[in-house]
Amino acid sequence: MAKYNSFEEMEVYQKALQFGVKVYKLTLSDEKIAKDYGLKDQLQRAALSISNNIAEGFERETKKELIRFLYFSKGSAGECRNMFNFLLSLEYINNDNYYEYKIMF
């Protein structure tokens, strides 16, 4: 843990934060997603959970706890990937949008 002074310095956190912001913007600007409240809420919570778990794991101050919370983040990232598969299947997003989000993680 000595490599970083804060979770904000971690590249994985920075990418997770960018992903979460991008997902929030999509869920607020895309008319189909914005109107599907349950889907929108679940996607927003899963996307935010990725960076939240990285931050929480870091703040626990042990390598073991950080690793544990990184696994939680990985699970939330998987949930987001599944939801983007679902959005693509519903035709709420197109292939370009799908791959744009998929390559972020």
Side-chain angles (χ1 to χ4, degrees):
M1 297 263 303
K3 183 175 180 181
Y4 301 104
N5 294 314
S6 70
F7 60 83
E8 291 94 344
E9 295 175 2
M10 298 172 70
E11 185 178 354
V12 68
Y13 169 80
Q14 294 166 13
K15 286 184 177 188
L17 185 65
Q18 290 171 358
F19 177 75
V21 168
K22 193 167 185 165
V23 166
Y24 259 78
K25 287 180 178 179
L26 172 70
T27 60
L28 297 175
S29 66
D30 184 278
E31 195 173 304
K32 289 179 184 176
I33 298 171
K35 288 182 179 180
D36 192 333
Y37 300 112
L39 182 65
K40 177 184 80 169
D41 182 59
Q42 186 67 25
L43 183 55
Q44 287 176 339
R45 287 186 295 117
L48 182 57
S49 181
I50 299 168
S51 59
N52 277 346
N53 279 310
I54 295 167
E56 185 173 353
F58 184 89
E59 293 298 330
R60 299 261 179 149
E61 297 183 356
T62 69
K63 191 174 185 177
K64 184 177 179 179
E65 283 289 282
L66 175 58
I67 291 168
R68 181 172 166 248
F69 278 83
L70 288 174
Y71 277 115
F72 296 155
S73 291
K74 188 176 186 300
S76 294
E79 184 178 356
C80 287
R81 281 196 341 262
N82 177 63
M83 293 181 78
F84 275 96
N85 291 334
F86 190 70
L87 292 173
L88 183 63
S89 296
L90 288 174
E91 298 179 354
Y92 280 17
I93 60 173
N94 60 33
N95 280 328
D96 291 338
N97 295 126
Y98 175 78
Y99 289 109
E100 179 182 342
Y101 285 88
K102 190 169 181 174
I103 63 170
M104 291 190 79
F105 273 89

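The structure presented is a predicted model; accordingly, all values stated were derived computationally and were not measured. Position 1 is the first residue of the sequence, and the numbers go up from there.
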K.L.:
With side chains defined as the heavy atoms from C-beta onward, is the minimum distance between Leu87 and Leu43 less than 4.5 Å?
P.N.:
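The answer is yes, as the side chains (C-beta and beyond) meet within the 4.5 Å cut-off.
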K.L.:
Using side-chain heavy atoms (C-beta onward) and a distance below 4.5 Å, is Asn85 in contact with Leu88?
P.N.:
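Not in contact.
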K.L.:
If every non-hydrogen atom of Asp30 is compared with every non-hydrogen atom of Lys32, which pair is closest and at what distance?
P.N.:
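What the structure gives for the nearest pair is OD1-N, 3.1 Å.
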K.L.:
Would the number of heavy atoms belonging to other residues, nucleotides or ligands and lying under 6.0 Å from NZ of Lys22 be above 12?
P.N.:
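Atom NZ in Lys22 is packed in, count exceeds 12.
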K.L.:
Quick one: pull up CD in Glu65 and CD in Glu59 and give me the separation to the nearest 0.5 Å.
P.N.:
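It is 12.5 Å, given to the nearest 0.5 Å.
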K.L.:
Is there a donor-acceptor pair closer than 3.5 Å between any side-chain N or O of Glu8 and the backbone N or O of Gln14?
P.N.:
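Side chain of Glu8 to backbone of Gln14: no pair is present.
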K.L.:
What is the minimum heavy-atom distance between Phe58 and Leu66, and which atoms define it?
P.N.:
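Phe58 and Leu66 have their closest heavy atoms at N-CD1, 3.6 Å.
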K.L.:
Over all heavy atoms of both residues, which pair between Gln44 and Thr27 is shortest? Give the atoms and the distance, please.
P.N.:
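The pair with the smallest heavy-atom distance is NE2-OG1, 2.8 Å.
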K.L.:
State plainly whether one hydrophobic cluster holds both Val12 and Val21, where clusters connect Ile, Leu, Val, Met, Phe, Trp and Tyr through side-chain heavy atoms under 4.5 angstrom apart.
P.N.:
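Not linked; separate clusters.
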K.L.:
Please round to the nearest 0.5 Å and tell me the distance separating atom CZ of Arg60 and atom CZ of Phe69.
P.N.:
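Arg60 CZ to Phe69 CZ: 3.5 Å, rounded to 0.5 Å.
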K.L.:
Taking atom CD1 of Ile93 and atom CE of Met83, what is their separation to the nearest 0.5 Å?
P.N.:
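Nearest 0.5 Å value for the CD1-CE distance: 11.0 Å.
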K.L.:
For the residue pair Ala47 and Gly20, what are the closest heavy atoms and their distance?
P.N.:
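Heavy-atom minimum between the residues: CB-CA, 4.1 Å.
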K.L.:
How long is the straight-line distance from CD of Glu11 back to CD1 of Ile54, given to the nearest 0.5 Å?
P.N.:
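If I round to the nearest 0.5 Å, the distance is 11.0 Å.
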K.L.:
When rounded to the nearest 0.5 angstrom, what distance separates CD in Gln18 from CD1 in Ile50?
P.N.:
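CD1 of Ile50 is found 12.5 Å from CD of Gln18.
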K.L.:
Could you report the tightest heavy-atom contact between Asp96 and Asn94, atom names first, then the distance?
P.N.:
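Where Asp96 meets Asn94 most closely, the heavy atoms are N-OD1, 3.0 Å.
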K.L.:
Counting C-beta onward and ignoring hydrogens, is there a side-chain heavy-atom pair between Leu39 and Tyr92 closer than 4.5 Å?
P.N.:
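Contact flag for Leu39/Tyr92 side chains = yes.
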K.L.:
Taking C-beta and beyond as the side chain, do Phe84 and Leu26 meet within less than 4.5 Å on heavy atoms?
P.N.:
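In contact.
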K.L.:
Taking atom OH of Tyr71 and atom OG of Ser73, what is their separation to the nearest 0.5 Å?
P.N.:
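Rounded to the nearest 0.5 Å, the OH-OG separation comes to 12.0 Å.
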K.L.:
Show your reasoning for whether side chain to side chain contact (heavy atoms under 4.5 Å, CB included) applies to Cys80 and Val23.
P.N.:
CA-CA 9 Å; Cys80 287; Val23 166; 5.7 Å; no
K.L.:
Under 4.5 Å between side-chain heavy atoms, counting indirect links through other Ile/Leu/Val/Met/Phe/Trp/Tyr residues: same cluster for Leu48 and Leu17 or not?
P.N.:
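Result: no, two separate clusters.
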